[in-house]
Amino acid sequence: QVQLVESGGGLVQTGGSLRLSCAASGSTFVNYVVGWFRQDPGQSVKFVAGISGDGRDSAYESSVGDRFTISRDNTRNTVFLQMNSLGPKDTAIYYCAARFLRGSPTTWSGRSDYTNWGQGTQVTVSS
């Protein structure tokens with residue numbers, strides 16, 4: 001099992017940037033696909049981006065694909081989400097989640113496929 005801790009959230013103005021980090025411990029991190037999800041106020045948790053264990057493959061939800069970049073540093077057991085051109089619609093609690101899988105998943109966005117979750121970090125974008 002892997003334990004996850006998110007950091008890097010905060011308050012930013014429209015058009016600004018943030019970089020979220022997801023630090024993992026407890027298992028061989030390279031064997032885990034990691035996804036970022038977010039929960040808008042009053043909404044369900046939704047997929048944002050995902051990255052394969054070796055970092056060679058990634059996927060994005062369509063509304064963030066040209067603004068967000070997911071990456072990972074397996075030497076530091078950390079996954080990053082670089083978020084640029086932020087707008088009020090990006091305000092949410094952001095969660096990282098992991099699933100044990102070597103290679104790339106057939107589907108990235110299924111919440112139930114991810115077995116390990118962090119506690120989340122709040123991102124607030126002011127208009």
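This chain uses plain numbering: 1 for the first residue, then up along the sequence. What you see is a predicted model, and the numbers here were worked out from it, not measured in a lab.
Separating the CD atom in Gln39 from the OG atom in Ser44 is a distance of 7.5 Å, to the nearest 0.5 Å. To the nearest 0.5 Å, atom OG of residue Ser63 and atom NZ of residue Lys46 are 9.0 Å apart. Between the CG atom in Leu4 and the CD atom in Gln119 there is a gap of 8.5 Å [rounded to 0.5 Å].
Under the 4.5 Å side-chain contact rule for hydrophobic residues, Leu81 and Leu86 share a cluster. No chain of hydrophobic side-chain contacts below 4.5 Å, direct or via other Ile, Leu, Val, Met, Phe, Trp or Tyr residues, connects Val48 to Ile93. Cluster annotation: Trp36 and Val12 are assigned to the same hydrophobic cluster (Ile/Leu/Val/Met/Phe/Trp/Tyr, side-chain heavy-atom contacts under 4.5 Å, transitive).
Annotation: side chain of Val33 is not in contact with side chain of Phe100 (no heavy-atom distance under 4.5 Å). Within the 4.5 Å cutoff, no side-chain heavy atoms of Asp113 are placed close to those of Trp108. Side-chain contact between Leu20 and Val123 is present, with at least one heavy-atom pair separated by less than 4.5 Å. Counting heavy atoms from C-beta on, the side chains of Ile70 and Val79 come closer than 4.5 Å. Looking at heavy atoms from C-beta onward, Glu6 lies in side-chain contact with Tyr95 at the 4.5 angstrom threshold. Between Arg72 and Val34, some side-chain heavy-atom pair lies under the 4.5 Å cut-off. With a 4.5 Å cut-off on side-chain heavy atoms, Tyr60 and Thr69 count as touching. The shortest distance between side-chain heavy atoms of Gln122 and Thr91 falls below 4.5 Å.
The aromatic rings of Phe37 and Phe47 lie perpendicular to each other, with more than 60° between the two planes, well past the 30° mark. Note on ring orientation: taking the six-membered ring where Trp is involved, the planes of Tyr94 and Phe68 are tilted (angle from 30° to 60°).
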Handout entry: Chi angles and distances behind the side-chain contact (heavy atoms from CB on, under 4.5 Å) call for Phe80, Asp73
Key = CA-CA 8 Å; Phe80 304 98; Asp73 182 348; 4.1 Å; yes
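Side-chain N/O atoms of Gln3 and Asn116 include no donor and acceptor closer than 3.5 Å. In this model, no donor atom of one side chain and acceptor atom of the other lie less than 3.5 Å apart for Asp57 and Ser52. Side-chain atoms of Arg76 and Asn74 form no donor-acceptor pair, as typed in the model, at a separation below 3.5 Å.
When the salt bridge (charged side-chain N to carboxylate O under 4.0 Å, His left out) test is applied to Arg102, no partner is found at least two apart in sequence or on another chain.
Scanning both residues, Ala92 and Asp40, for their nearest heavy atoms gives CB-OD1, 3.5 Å. For Leu18 against Gly8, the heavy-atom pair with the smallest separation is CD2-O, 3.8 Å.
Pairs of residues two or more places apart, or lying in two chains, that qualify as side-chain hydrogen bond (donor to acceptor under 3.5 Å, both in side chains) and include a residue from residues 9-25 are Ser17-Asn84. Within the structure, the disulfide (SG to SG under 2.5 Å) test picks out no pair touching residues 30-90 (sequence neighbours left out).
Taking the ring axis of Tyr114 as reference, the NZ or CZ atom of Arg99 stays within 45° of it and closer than 6.0 Å to the ring centre.
Between Asp90 and Arg67 there is a salt bridge, since at least one side-chain N of the basic residue sits less than 4.0 Å from a carboxylate O of the acidic one.
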